[in-house]
Amino acid sequence: MKEITVIEPQFSTKFQCIGSACREHCCSGWRIALDKPTVNKYLKSKVIDIRVIANNSIDIIKKNHANWGIVKFNEAGNCAFMDDNRLCGIHAKLGANALSVTCATYPRATTSYKTSTLKSLTLSCPEATRLLLDSPDAMLLDEQKLLQSGFNKSPQEQNVNKLLNLMSMHLINASGTQVNHGLYAIALLLLFAKKQGSEVLNNSQEIESYFSTLIQDIESGEIKHKLDSIASNNQLQWSLLLRLQAYIDANPNTRGLRRLRHFVKRLLYIQVQNIDNNQVSENIVRLDNVWNVKVQPWLEEHPHVMQNYLLYRLYNDQFPQDSVRTPLSWLYLLTAEWYLIKSLIAATAELTGEINKDDVINIIYSFHAVTTHSPAATQAFFDEIDKVKVNDDISLIYLLK
Ligand code: SF4
């Protein structure tokens, strides 16, 4: 038998679907793909209602085994199998075992390495987002050992990535409500690791010592001092926000988009006020002031909200992923997305006069509903970042000011 380490954040272990009470049901607005056995099961079901709906409402696409059919929406824009009480007709009439893999597992997500399995939830589910933002302990990681007949059929996790991931999570933890300080410290850590190159693990004492210095610098205010001493680049901030918003606005209609656009409109309203003569700085400064005066005091009362979100992203995205992109470019993407979410929150606080957890949940879950399930969205965000960045990825620091 082989031993596998199974890791799961506490908010994920607590998840239960709230069904018809959900603020935006996952059976609305999404094209749901069905695998081949599921399509055949529904088409040949002995339950006549299911068979009729299947024959009328499943588009057979035969793209591959996992994408054999797509469920059409009914007139209300819901999955055709959803009943009048907003409950799943398949679950009610055929039982949980008859659900497709997608429907049976959503919003649960798993990342596997040879000797470990990392469990999580996708934030496109509003209840998952609520649980993440609700508790100081949401991102505490439970760890269990599991015996199974063989190792997972995935490559082993790279030790250097594991180390950088752990250190990055500690830096965010140390930064408290000022997560921008944690992100800046991560940028410094990645630059240090880059200089070490392939020797980073052979010289692990050096990176550990540098990491300890970064923690001390966060706690002593040195990181804040360094960030404060960097000149602002309001034009870059303004351009990036506008580009990301334009991308969202051009998105084909999908689940979460209506709600996200509601918040994007508020941000756009502030961004484009009095921009004659290219005077964009005033609007960025206005957003900054709102963040400091209205949102930051609220965050002091709810210190885990932004911290949990960033800890989740580092854990769930397995930052800094193994891929052709550099760790710094992944950090730029994370920082740009955080900056957009931060600006959407600030704009709402400015125009409504208050900020509350419901607005923050709505902004985060709808952002993830629109972007997380589309590789094209990640590429589009990278493209927009490339268009505004100055020289290299380290210009992400202008978003942390
Ligand atoms: S989005 Fe989440 S809470 Fe809502 S119905 Fe789907 S799984 Fe349940």
Side-chain angles (χ1 to χ4, degrees), residues 22-35 38-39 53-54 56-64 66-82 86 88 100-103 105-107 109 121-129 239-269 271-272 313 316-317 333-334 336-341 343-344 347-348 359 361-388:
C22 183
R23 63 182 85 191
E24 189 167 5
H25 212 288
C26 49
C27 303
S28 300
W30 261 349
R31 284 162 54 85
I32 298 166
L34 301 178
D35 52 86
T38 305
V39 170
I53 295 174
N56 290 335
S57 303
I58 297 179
D59 269 341
I60 308 293
I61 54 167
K62 298 186 182 178
K63 195 169 167 192
N64 53 43
N67 287 283
W68 202 256
I70 299 279
V71 184
K72 290 188 215 165
F73 300 135
N74 60 21
E75 281 172 7
N78 299 327
C79 167
F81 290 105
M82 200 183 200
R86 299 182 63 206
C88 174
S100 68
V101 177
T102 311
C103 298
T105 53
Y106 181 84
L121 299 175
T122 163
L123 295 191
S124 53
C125 163
E127 179 61 6
T129 302
S239 301
L240 183 66
L241 279 183
L242 206 66
R243 287 190 168 281
L244 298 184
Q245 290 178 86
Y247 167 75
I248 288 168
D249 212 43
N251 240 277
N253 202 9
T254 184
R255 179 172 167 264
L257 189 62
R258 237 184 65 203
R259 189 158 256 154
L260 185 59
R261 276 189 182 150
H262 168 75
F263 293 104
V264 164
K265 267 188 198 154
R266 289 177 174 172
L267 176 55
L268 203 56
Y269 177 80
Q271 253 198 283
V272 298
R313 292 294 306 269
N316 191 71
D317 301 358
L333 179 71
L334 174 61
E337 293 186 351
W338 164 79
Y339 184 67
L340 174 62
I341 286 171
S343 304
L344 292 170
T348 281
D359 282 333
I361 291 170
N362 284 335
I363 287 169
I364 292 181
Y365 102 77
S366 61
F367 172 79
H368 280 270
V370 172
T371 60
T372 302
H373 303 273
S374 157
T378 304
Q379 184 55 48
F381 270 50
F382 272 123
D383 291 346
E384 299 308 331
I385 287 168
D386 285 344
K387 283 173 197 155
V388 297

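Residues: numbered from 1 along the sequence shown. When reading the values below, keep in mind they use all heavy atoms of this one structure, side chains included, and skip hydrogens, waters and symmetry mates.
- How far OG of Ser57 is from CZ of Phe81: 6.5 Å, rounded to the nearest 0.5 Å.
- Counting non-hydrogen atoms of other residues, nucleotides and ligands closer than 6.0 Å to NZ of Lys63 gives a total of 12 or fewer.
- What you find for Phe73 and Cys79 is that their closest heavy atoms are CD2-N, 4.4 Å.
- Here the closest non-hydrogen pair linking Arg23 and Arg259 is O-NH1, 3.6 Å.
- Remark: the backbone N or O of Asp35 is not paired with any side-chain donor or acceptor of Ser100 at under 3.5 angstrom.
- A distance of 9.5 Å separates CG in Leu240 from CD in Gln245, rounded to the nearest 0.5 Å.
- Formation of a donor-acceptor pair under 3.5 Å by the Arg255 side chain with backbone atoms of Glu24 is found in this model.
- Residue Ser124 comes nearest to Trp30 through the heavy atom pair OG-CH2, 3.4 Å, listed as atom of the first residue, atom of the second, then distance.
- Here the straight-line distance linking atom CG of Leu340 with atom CG of Leu267 works out to 7.0 Å at 0.5 Å rounding.
- Judged by distance alone, the side chain of Arg266 and the main-chain N or O of Leu344 form no donor-acceptor pair under 3.5 Å.
- No more than 12 heavy-atom neighbours from other residues, nucleotides or ligands sit within 6.0 angstrom of NZ on Lys62.
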Check: Can you list the steps and then say if Gln271 with Leu241 is a side chain to side chain contact (heavy atoms under 4.5 Å, CB included)?
Finding: CA-CA 9 Å; Gln271 253 198 283; Leu241 279 183; 3.5 Å; yes
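- Remark: Thr129 OG1 to Phe367 CZ distance equals 11.5 Å, nearest 0.5 Å.
- Side chain to side chain, Tyr247 and Glu384 fail the donor-acceptor criterion of an N or O pair below 3.5 Å.
- To the nearest 0.5 Å, the span separating CE on Met82 from OG on Ser28 amounts to 4.5 Å.
- Going from atom CZ of Arg313 over to atom CG of Leu333 covers 6.5 Å, rounded to the nearest 0.5 Å.
- Of all heavy-atom pairs between Cys103 and Ile32, the closest is SG-CG2, 3.9 Å.
- At least one side-chain heavy atom of Leu268 sits less than 4.5 Å from a side-chain heavy atom of Leu242.
- Side-chain atoms of Tyr269 do not come within 3.5 Å of backbone N or O of Ala347 as any donor-acceptor pair.
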Next item on the list: With side chain to side chain contact (heavy atoms under 4.5 Å, CB included) as the test, would you mind laying out the steps for Leu34 and Trp68 before giving the verdict?
Entry: CA-CA 6 Å; Leu34 301 178; Trp68 202 256; 6.0 Å; no
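- Of the N and O atoms on the side chains of Asn64 and Asn67, at least one donor lies less than 3.5 Å from an acceptor on the other residue.
- Side-chain contact between Cys27 and Asn78 is absent, with no heavy-atom pair separated by less than 4.5 Å.
- The two atoms that bring Ala336 and Ile385 nearest to each other are CB-CD1, 3.8 Å, heavy atoms only.
- The two atoms that bring Gly256 and Ala369 nearest to each other are CA-CB, 4.1 Å, heavy atoms only.
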